[in-house]
Each structure stands twice: as structure tokens, then as C-alpha cells.
Amino acid sequence: MLRIYNTLNRQKEEFHPINPDKITIYVCGMTVYDYCHMGHARVLVVFDVIVRHLRRRFPNVKYVRNITDIDDKIINRALKNKESINDLTKRFIDAMHEDERALGVLKPDAEPKATDAIDQILYMIESLMEKGIAYQGKNGDVYYSVHDFAGYGKLSGKNLDELEAGSRVDIETDKKNPLDFVLWKIAKANEPSWQSPWGEGRPGWHIECSAMSTQHLGNHFDIHGGGMDLTFPHHENEIAQSEGANGHAFVNTWMHVGFVNINEEKMSKSLNNFFTVREMLKDYSGEVLRYFIVSSHYRSPLNFSKTNLNHAKTSLTRLYTAIRGLSASKAAMDEVSQRFDYEVRFNTALDDDFNTPIALSILFELAKMVNSQRQQDFDLANALAQLLKKLGGYIGILQVEADMFLKQGTALSATDIDEKIKQRNDAKDDKNFILSDQIRDELYEFGILLEDSVDGTTWRRK
RNA sequence: GGCUGGGUAGCAAAGCGGUUAUGCAGGGGCCUGCAAAGCCUUACAGACCGGUUCGACUCCGGUCCCAGCCUCCA
């Protein structure tokens, strides 16, 4: 039984799909005006893990993750860079796709762009106008009237009185209420714009997600997710727009991913304390970044540091070391999967609100079993190693050859290393341990670690 | 000020009203020419103060501290 923490009710709930034959999930993706940072990476990886699990649990899952490609920040950045908006957004969409691949993130079933959804956006705004929930201000902008939607605040646990009491003085007199938000913005000179019944303009932030999710998944769907900072106002406003326009329950389960922190502080653009994915990929493989992300629960804060990234690398090395040189038939693997409870426990962990730390701990138990059986029962060790690799695949790790992971990124070529190993083994045969240790130390300086065994000497990067 | 979360061993990170989380690091041992890897073994927790209970890290109340949202943010 799958249980998911629902922000709407602030508790874990049994997941009851609207239609078990077709699970529907929408995640708010990037606004594409810059490279993905680790916070974006976390959302991408977390929902990748979630969707992988849903796909094993249900026959058909439709996963939609949008791209917001029109927005003030995009316009400003394009102006600053002296490039067209199209060039800018295309560049960062491509970069995002590269980062995703490095992180082992599978493609969503649909990846709609806001600029391709203008018709749906206009249609939705018209519905809101007809129902009297939206109005056009004196400046021409179209606003959503929060007082005309009864459920406003139900997701973020806010109520309008408190919000107004705490809100900063807003001098914008075009709005009836300071909390009203823009649905359609009248274009200024040289801004991209589309025709609309209210004048040339562009969509406000929030409406594109209501329009795209409805377009791809219908008025009512199962799961909607994003970073925790989207709870308010973005998701609150989406509910107001969609339920206001459609007169229908919008989303059953709202999921929010915790922040990536640096020194106990949220990583964010405004604090300028962010690290981009591609920056980190210079020093760490995408799989290490991915492991780092799944090593904590998705709702907990994730403290970003080199130390913690190194921990992730060490942990992953242990798992790869366990499966190194082992393989078994599917039949043998299926047999051990039945005989032991690792797979059941692994799935149970993921069923409990996608508890990846517990799932990982089971992988380590399995690794220990593999290692201890290597001498005792080699066939069993092989089969268990295969199972370990399969379970890793459920969360998108352990899928490259162990040697590739263990040897990647060394300064010396494999042939040079092999030559050194041969020299060392000759020295060892002559009992010249001073020389053999010297060669080993020399390689260690290059980040190469030697391991002697009965089958000979192997190496891996430190 | 209002509303959310959270404070777990040296570090990271979970579950759980009573039984080993897990990984790294540490101690002891096996293995090794010595290492590395691996195995066995061991120590180290639950911010503070009360309460409930036969028994609380786990439930309840209070105190302190931290983070986040209330403005663009994943």
C-alpha cells in the first residue's frame, strides 16, 4: 500500500488513484533563464525516483513536467545578454536536458512549454472572467480576485485576513486587493506578446501551470509536485485558478520537495549561494550527485557540502565494490529475490512516502551479504549482486559497469597503470618490497589505489 | 507578528512506545610481505524541563534554539 505525504492535509495518506489504470502526475519544472542548480537537481531526481516507483506499482503513468519559457526574469535576462528570448530559452532548455541525462533522470511523458499553451491560458482566463473571479484593472492587466474564491489559502494553511495583515504596503492601485495576482499582463514596448480579448500581452506567472496541467491531465488529476517554495503562492494560486475556472476539484495529492541548504541556509538565486549542476559535474559524476540527493528523505532539508558529496561517493563506491566482477542469470536472481526479503523490504520502504534512506540501508545490507558470501557460496553471491544491481536500478543508481564507476577520472591511462602494476609485481616476486611499495605510493599520488588478491592485482581510483 | 517544519551518536541520515537502522570515521581481531578491499567484533545517540506509561529518542505539555513561507525562487 503506497502512502504519500499530502501537503493539503499535512499528513501521510494512502494513495487512492482517481483511475488506477492511468496515474496522472504534474511537476512544476524550470523557468529557463539560467543553468540548473542543485535545488533544481533535487526536484528532478526526487520526482524521477517517485515516477519510477509509480510505474512499477501501476500499469500506466502519465508524467508531465512543464517548462516556463516566458516571464519577467527571462525578458530581463535576454535584454541583459543582448540575445533573443528564443535563443536564451533554447540554450537553457538544452542545458537542462544535458544535466538531466547526467543525473540519470528519465524523460517525462510530456514537457509542455508555456509559450505553446497560450490558447489554453486565454481560454482559462476567459472562464474566470465569465465567472466574475477575474477582472481587468485600469492599467489593462487582468487580475485574479482572491476574495471571490472561497478556498483560497487551503494548501499553504493561510487565510486572507492574516495575509493582508502581514503583507507589505502595496501601492498598486490597479488591483482591488493587494493579494490579487496577475493572469494576463499587457505588453510594454519591445516585449513579446500575444493577442487577447484584453489587449496584446503575455501570461502572468501561475496561470501557465493551471492551463498546461489541465490540458494534459484533465480537470482533476492525482499528484502535483514541486519545490517547497512553490507551495505559496504558486500552487495556492494554481488551485484558485483551476478550481475557480473549472468548478471542479483540481489535485488530490500535493507533494513538496525540501530545500537544498548551504550552511543551514536555503540555496537560492536571490541569496546567490547556489551551485549549478554542471559546476558540480566537473568534480563528481552525475550518479554521485544523484546518490547524494536520495540519501536523505525528499521532504527533509539536504545540506550541500563537498564533505557530504564525498560521503556519497564513498558510499556508492562500497556498493559498486560489492557487485564488482559478479553477474548472474535473471532466473538465479529471481530465485534469491524470492528466498530473501530484500526486495520486499526495499519496495515497502519506497511505498512509505518514498523513503529512500531506508531503501539504501537495505542495499547496504545486501552488499554485506554479497561480500560475506563471496568465499562461501559464489553462486549465491552472484545472484545477490544481481539483485543489488536491480534494486539500485529502481532508484536509478548502480546501472553502469562497476569498473567504469570505480576507475573513472584517473590522471594516468589504463595501459600506464597496468605497466606500473607489472613492475610492482616483478618487484614483489623478487621480494623487493621497498621498490614495490614505492611504486604503489607513486600510483597513489595519482589517485590510484591498488588491491592485491589471489586473482592478481586490480586498481581503482581513490 | 501569523503559519509550517525541525533539533538523533565524531560526521551524514532513518525507522520505531520495550528488541542491531544504515554509510563514513574510531577501537579490537581475521586476512595481507605490508597495505587496500572484505569479513567478524566493539564503543559512541536522541536540545532542555515536566507529564502519561510497567517502560519514551518515539505520545502529551512547556522552554530554548534553528530553518522555511507570508515578496521572485525548485
Side-chain angles (χ1 to χ4, degrees), chain A residues 7 10 27-31 34 36-44 46-47 71-73 76 153 156-159 161-168 170 178-179 205 225-234 236 256-261 263-271 274 291-292 294-297 299-303 305 307-319 321-322 324 349 352 355-365 367-376 406 428 431-434 436-437 440-441 444 449-454 457-460 462:
Chain A
T7 307
R10 305 208 178 267
V27 171
C28 287
M30 287 267 295
T31 299
D34 208 341
C36 291
H37 65 229
M38 289 302 296
H40 299 115
R42 188 177 192 191
V43 172
L44 291 170
V46 162
F47 281 103
D71 148 275
D72 284 354
K73 287 191 292 293
N76 292 336
S156 52
K158 300 182 188 306
N159 68 59
D161 296 340
E162 281 165 5
L163 281 169
E164 281 166 40
S167 75
R168 287 145 209 214
D170 195 327
L179 294 168
W205 185 46
M228 228 162 234
D229 43 5
L230 296 184
T231 312
F232 189 91
H234 186 59
E236 194 68 62
H256 291 98
V257 179
F259 298 131
V260 175
N261 289 162
N263 300 326
E264 309 296 315
E265 230 180 12
K266 177 186 171 186
M267 178 185 289
S268 75
K269 292 284 175 73
S270 36
L271 290 169
F274 62 92
Y291 182 96
F292 167 65
V294 297
S295 68
S296 80
H297 184 79
R299 283 187 285 113
S300 301
L302 178 61
N303 223 346
S305 70
T307 308
N308 291 346
L309 244 28
N310 289 336
H311 280 167
K313 187 174 174 181
T314 307
S315 300
L316 206 43
T317 299
R318 176 168 161 82
L319 294 177
T321 305
R324 172 167 60 172
D352 184 14
N355 196 324
T356 50
I358 293 284
L360 288 178
S361 77
I362 293 162
L363 258 32
F364 284 102
E365 284 181 37
K368 176 164 278 193
M369 183 77 164
V370 170
N371 288 330
S372 62
Q373 289 304 313
R374 263 183 129 102
Q375 305 303 324
Q376 320 282 318
L406 294 170
K428 274 175 67 178
K431 303 269 188 244
N432 186 350
F433 296 121
I434 295 182
S436 69
D437 288 355
R440 184 170 61 194
D441 292 346
Y444 191 83
L449 208 144
L450 299 188
E451 295 175 320
D452 296 330
S453 78
V454 284
T457 302
T458 55
W459 65 273
R460 63 184 173 89
K462 180 59 196 147

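Proteins come first, then strands; the chains are lettered A, B, ... in the order of their sequence lines, and each starts at number 1.
In terms of heavy atoms, A/S296 sits closest to A/R42 at OG-NH2, 3.3 Å. When all heavy atoms are compared, the tightest approach of A/L319 to A/A367 is CD2-CB, 4.0 Å. Contact between A/Y291 and A/S315 at its shortest, heavy atoms only, is OH-CB, 3.4 Å. Residues A/C28 and A/H234 come closest through the heavy atom pair SG-NE2, 3.5 Å.
B/G5 and B/C59 have their P atoms separated by 13 Å, with the value rounded to a whole Å. Only the C1' atoms considered, B/G51 is 15 Å distant from B/G55, to the nearest whole Å. The gap from the C1' atom of B/G38 to that of B/A45 amounts to 28 Å, rounded to the nearest Å. The C1' atoms of B/G7 and B/C34 are separated by 45 Å, rounded to the nearest whole Å. To the nearest whole angstrom, the two C1' atoms, one in B/C57 and one in B/A14, are 13 Å apart. Nucleotides B/U71 and B/G17 are separated by 44 Å at their C1' atoms, to the nearest Å. Spacing between B/A56 and B/U52 at atom P, rounded to whole Å, works out to 11 Å. B/U8 and B/C48: their C1' atoms are spaced 15 Å apart (whole Å).
Across all strands, A/V260 comes closer than 4.0 Å to base atoms (heavy-atom distances). Counting any heavy atom pair closer than 4.0 Å across all strands shown, A/S270 reaches a base atom. Within 4.0 Å (heavy atoms only), A/R374 reaches no atom of the nucleic acid at all. Residue contacts for A/Q375: at a heavy-atom cut-off of 4.0 Å it reaches no nucleic acid atom on any strand shown. Contact annotation for A/M38: no contact, since no heavy-atom pair falls under 4.0 Å across all strands. Within 4.0 Å of A/S300, counting heavy atoms only, lie sugar-phosphate atoms of the nucleic acid but no base atom. Residue contacts shown for A/S268 include a base, since a base heavy atom lies under 4.0 Å away.
Using a distance-only test at 3.5 Å, with no hydrogens or angles considered, a donor-acceptor pair links the side chain of A/R374 to the main chain of A/A322. Side-chain atoms of A/N308 come within 3.5 Å of backbone N or O of A/N303 as a donor-acceptor pair. Judged by distance alone, the side chain of A/D71 and the main-chain N or O of A/K73 form a donor-acceptor pair under 3.5 Å. Not one N or O on the side chain of A/D352 forms a donor-acceptor pair closer than 3.5 Å with the backbone of A/N355.
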| message | Counting primed atoms plus P, OP1 and OP2 as sugar-phosphate and everything else as base, spell out the protein contacts along nucleotides 5-11 of chain B at 4.0 Å heavy-atom distance: B, S or - for each nucleotide, 5' to 3'. | response | S-----B
| note | 5' to 3', nucleotides 28-33 of chain B under a 4.0 Å protein heavy-atom cut-off (B base, S sugar-phosphate only, - none) gives -----B
| said: Strictly under 4.0 angstrom, non-hydrogen atoms only: write out the protein contact profile of nucleotides 43-48 of chain B, one letter per nucleotide from the 5' end, B, S or -. | reply: ------
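For the pair A/K368 and B/C40, the criterion of a side-chain N or O lying under 4.0 Å from OP1 or OP2 is met. One finds a side-chain N or O of A/N371 lying less than 4.0 angstrom from the OP1 or OP2 phosphate oxygen of B/C39. Residue A/S372 has no polar side-chain atom (N or O) positioned under 4.0 Å from OP1 or OP2 of B/G38. Put simply, A/R324 has no side-chain N or O that comes within less than 4.0 Å of OP1 or OP2 on B/A37.
For A/N261, the side-chain hydrogen bond (donor to acceptor under 3.5 Å, both in side chains) criterion is met by no residue, not counting sequence neighbours. Evaluation of the ring pair (Phe, Tyr, Trp, His ring centres under 6.0 Å) rule for A/H37 yields A/H40, A/F274 as partners, not counting sequence neighbours.
At a cut-off of 3.5 angstrom, the base of B/A13 holds no donor-acceptor pair with the side chain of A/H297.
To the nearest angstrom, P of B/C3 lies 13 Å from CG of A/D161. One can place CG of A/D34 at 14 Å from C1' of B/C72, the figure rounded to the nearest angstrom. For the pair A/Q373 CD and B/C39 P, the interatomic distance rounds to 11 Å; values are reported in whole Å. Distance CE (A/M228) to C1' (B/C70): 16 Å, rounded to an integer number of Å. Atoms CG (A/L450) and P (B/A35) sit 15 Å apart, rounded to a whole Å. In this structure, CZ of A/R318 is placed 8 Å from C1' of B/G38, rounded to the nearest angstrom. For A/L271 and B/U71, the CG to C1' distance is 13 Å, given to the nearest whole Å. Distance, A/K313 NZ to B/C24 C1': 14 Å, rounded to whole Å.
Residue A/E451 has its side chain nearest to B/A37 when only B/A37, B/C70, B/G15 are considered. Listed candidates were B/A74, B/C70, B/C40. Nearest to the side chain of A/F232 is B/C70. When each of B/A37, B/C39, B/C69 is scored by its nearest atom to the side-chain atoms of A/K266, the top-ranked nucleotide is B/C69.
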| said: Walk me through whether A/L360 and A/S295 qualify under side-chain contact (heavy atoms from CB on, under 4.5 Å). | reply: CA-CA 7 Å; A/L360 288 178; A/S295 68; 4.1 Å; yes
| message | Does A/F259 form a side-chain contact (heavy atoms from CB on, under 4.5 Å) with A/S268? I'd like the steps, not just the answer. | response | CA-CA 9 Å; A/F259 298 131; A/S268 75; over 6 Å; no
| CA sep, side-chain torsions, deciding dist, call: A/M38, A/L302, side-chain contact (heavy atoms from CB on, under 4.5 Å) | CA-CA 10 Å; A/M38 289 302 296; A/L302 178 61; over 6 Å; no
| Yes or no on side-chain contact (heavy atoms from CB on, under 4.5 Å) for A/E451 and A/W459, after CA distance, side-chain angles and deciding distance? | CA-CA 6 Å; A/E451 295 175 320; A/W459 65 273; over 6 Å; no
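Around atom OH of A/Y444, no more than 12 heavy atoms belonging to other residues, nucleotides or ligands sit under 6.0 Å away. The environment of CG in A/N263 is sparse: at most 12 heavy-atom neighbours from other residues, nucleotides or ligands sit within 6.0 Å.
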Pairs: protein N or O with nucleotides 19-22 of chain B N or O, under 3.5 Å:
none

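As the counterpart of B/A12, B/U22 is assigned, both hydrogen-bonding distances of the Watson-Crick or G-U wobble pattern falling under 3.5 Å. Under the Watson-Crick or G-U wobble criterion, with both distances below 3.5 Å, B/C39 is paired with B/G29.
A/R440 contributes atom CZ, which lies 10.5 Å from atom CZ of A/F433 (distance to the nearest 0.5 angstrom).
With RNA chain B read from its 5' end, the first of the two nearest nucleotides for A/Y291 and A/R42 is the one closest to A/Y291. When the nearest nucleotides of RNA chain B are assigned to A/S315 and A/G227 by heavy-atom distance, the more 5′-ward of the two goes with A/S315.
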